[in-house]
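Convention: sequence-line order gives letters A, B, ...; per-chain numbering from 1.
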Amino acid sequence: MCIKDRPIENIDNRIADLNVIARIGYWEFDVDSARYRLDKVSYDILQLPYGAALEDRETETYCQNKEEWALVNDLIANTAKQKKPFHHEVELELPDGHHIWLLLIGKINHDADGNIKVSGMMQDITHRKEFETELTQKNELLNFTENKAALGHWKWDLKTDLVNCSKNIARIIGVEYGTVITIEELINGVHPEDFELVRDHMANAVKTKSFDPLFHRFLLDDGSERIIEVLGEAVLDDSGELVSFICSSQDITTRKQFENELIKKNQLFVVAQQRAKFGYWQWDPKTDSVSCSENMSRLLRIEENTIFPIKDLIKDVHPKDMDYVRSCLDNIVKTKIFNGFSHRIVLNDEIRYVKVYGKVNTDLNDEILNILGVSQDVTEQKKSENELLSRNQLLGFAEQISKIGNWQWNMTTNIIKWSTNLYRIFEIEENSEIHFDTYFGYVHPDDKEMVRARINSLAENKNFESVIHRIVLDNGTIKVVELLATVNLDDSNNIIEMLGTLQDVSEQRSEEIKFKGLLESAPNATLIVAEGDTIQMINKQAEHLFGYSPEELLGKKLGILVPSRFEEQRIPQQKKFLENPVVQEMDLGEDFFMKHKSGKEIPVKVTLGLLEIDKGMLISMAVRDITTEKLAERKILKAKEDLETLTRELTAQNLQLADFTQITSHNLRAPVSNLNSLLDIYKMMDDEEERKELFKKFETVIAHLTLTLNTLINALSTKSSTSVECHEVSFSETFKKTKEILTAEITRTKAIVKSDFSKVDVIQYHNIYLESIFQNLIGNALKYKSPKRIPQIEVSSEIHKGKVLLKFKDNGLGIDLARHGNKIFGLNKVFHNHPDAKGIGLFMTKTQVESMGGKISVLSKVDEGSTFIISFK
Amino acid sequence: MQSPFHLCIIDDDDIYRFTIIQSAKFLEIEHKTSVFVNGEDALNFILENQNNPAALPDIILLDIDMPVMDGFQFLEEYKAIDPKINRDIKIYMVSSSVDPEDIAKAKSYSMVVDYISKPLTPENLKQLVADI
């Protein structure tokens, strides 16, 4: 193979020069012969011996990166087959171990002989790539879009005066890829100040049939300014007529900045001095001598215009960054490529951030002449960057903590973006591609319809209520989420974007469910009432107690359950409770009732409690139905009364029983034992005369026994007379009748018997009893008169504490009550050695009074008189 | 024991008094009888004779239920004067009462020798006299 016909040599010299500068090489691939042809620059870029055969196995070894090489071959083969141009960036490893980035552009064409050839250009874009890498790595100012915009290509057809442009250019100038545009449209975005320059350059290019490298500024949509380098090639036809220009526009902002800085060194130096943030230095690693700008020397506290070793340049570097800085510098020397880096310095005890970038100048033998560097103080920038970073982190944390994620759905592009935390909530890998179905696919089957309806309603009404639904994660976990959404509309009210948040409320939900469970398990009806008296939650027991369904009560005022008469007291009580929220029973100072749906009132006891939630205070009201208690209470009260009555009755009966015991032991046993004794004597007696005497004794005892038995029968019949008929009886009438019966006695004793029934005269009573009472008491008064005085007896009535009192007062012998008080009304009790005292009268009187529910008592002083007082029921 | 035997009956029941006196007579107990219809009369008698022990009875048959001063009231009064009396008087409560309360109360007095429920039979009386 002849070396001489390998290289492409028939390239315009000027272009060749340019290409050398721009490191653009040309190449050709003959499909039939499967041979490559490269120009000098290409060989240079690839660091291959000039004229080496690329397809040769031998040269293959030069390309260390086999995979990439295979890719390149594929690309070319593909182009040949499908006749499609390619545009590819590839990283290759060179024989010296360096990596270079190559931009390969290829297209198919036919030569005069009809051979199919793939030809194109290659450009060493390592420099740019490195900047790019650096920028990406260091998260520098360039954004992704700008990165993408780094390089574009366009072809200017002079016959039609129209431009075909690459995808990148089309995107930047905002036309659809494939559209043919005018030169005016192409340069529309050029910085106004450079506009004339660009136009003139174009015109000049047409005139001279050559396209000199052009630098101009370009304004991006976001207003940022980029510096563009345009390299162009004139395409001439066989007759030497200019047909078109094929150009590449490259964003060299970063590179240009540096170049500009170098060019405008002095100016920048001044600026740098003013800002005190720039330092410029030059380092010759072979001699390790550094010179620097004035400002830099001032910062380094080194005398101006002196030469010093590199270690002095980096003496202020933060100790922790020192190794890094050294390795960066070593790397620059080794690779002869200035990879910018950042580090910290400690200046006046303050930490500042410095960004270093620069260029390695090499001689023709690729030996380093010197290294130029610019150190820039980027502390402020770094600070804001950090701040932004920390804010982002904070937001991230906040989202994480509150389990809220946010999302954006661009309806135009149909692209959905999720925040990091949203991915986390769904437990899917961050930055996975999201479609509507991705989200919808996670919605719990039972909730799908509801969610779809809600989203549809959002699309229609542009209004979205939050919706709580469940999602099922890939691992089967069910979460409860709350979805909130809003829309952005364009001028014609079309939705262009939906955005919103999604919060994982599983925990709250489970808390709520737990709480609800607790509520349901509460033994009493429980109402949860929010401030403002709105019923928020009720349990089953409450539904049951009040007869309402939850729907009928939730959101309603508590007043619906409280009779209106309590409202006046209840509301201040509630306020008082909120001021001092300790669990307490609601006390309205009276029995409290609540209202059933039917209007029926239910007696209740209400215990108030307070629940604090995120949104404020809730009052819990545990309502206890005390209907049964009330009934029981009433029953108990009744029973108690009955019991008291019974006790009274039993006590009375007991007393009567005691009376009867007394009566049987004394009044019956005594005569019986006497009879027995008399019989014993009778048996011993043989004298008829004495026996006759004895029989008299028998008669006395039998008479006595008969009287006692008669009295007892009388008393028994009185005591059993609970159904005795009562009539209106008059005291005065009864008094008059009694006086008539006792006329003989009154006359004999010359007694003065008076009465006063002016207060009360008529009562409901048993007339026989009343007559008996009058006769007994007046009779007693006459019987036990004082021998020293004419008897004076006064009977009167009065009302005392609602009861009728009847008094019998005399001036007779009186009774020693201290001695006889306890048995004055007993049967056969006599307190006087009076011949007629039989002890029957008072016993009968008491029996008659008590049988009608009354009481009898006595006041008396010996030798002064007695007063018997009867209190009627 | 001095002669004649002195029996004292305090009871308002004349039939009972009659039967006791008759029984004593039939039992041929040589005796002298004092009779009081209530406690007060009996107490007065004792008080009058407290310095003359020979006039005081050997046995008192004391009824409970009596007018003016009953048996228990008598015992209360007697208790106060008992230490001053230089004579051993045996008091028997004789009543028709079968009330345990009365019986217990009677026995609570140290000077009461026994409680006898009526009727007091001649055999009982004989035994009482024999015990002295």
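Nearest heavy-atom pair, B/L120 versus A/S677, reported as atom, atom and distance to 0.1 Å: O-OG, 4.4 Å. Nearest heavy-atom pair, B/P122 versus A/D680, reported as atom, atom and distance to 0.1 Å: CD-OD2, 3.7 Å.
For CD1 of A/I741, the number of neighbouring non-hydrogen atoms (other residues, nucleotides, ligands) closer than 6.0 Å is greater than 12. Under a cut-off of 6.0 angstrom, the local environment of CG in B/N86 is sparse, with at most 12 non-hydrogen atoms contributed by other residues, nucleotides or ligands.
Here the CD atom belonging to B/Q22 is positioned 10.0 Å from the CD atom belonging to A/E693, to the nearest 0.5 angstrom. To the nearest 0.5 Å, the span separating CG on A/L679 from OG1 on B/T19 amounts to 11.5 Å.
If you measure heavy-atom distances from B/D14 to chain A, you find no contacts under 4.5 Å at all.
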Would you please test A/N674 and B/F18 for side-chain contact (heavy atoms from CB on, under 4.5 Å) and show each step? CA-CA 9 Å; A/N674 279 346; B/F18 170 80; over 6 Å; no

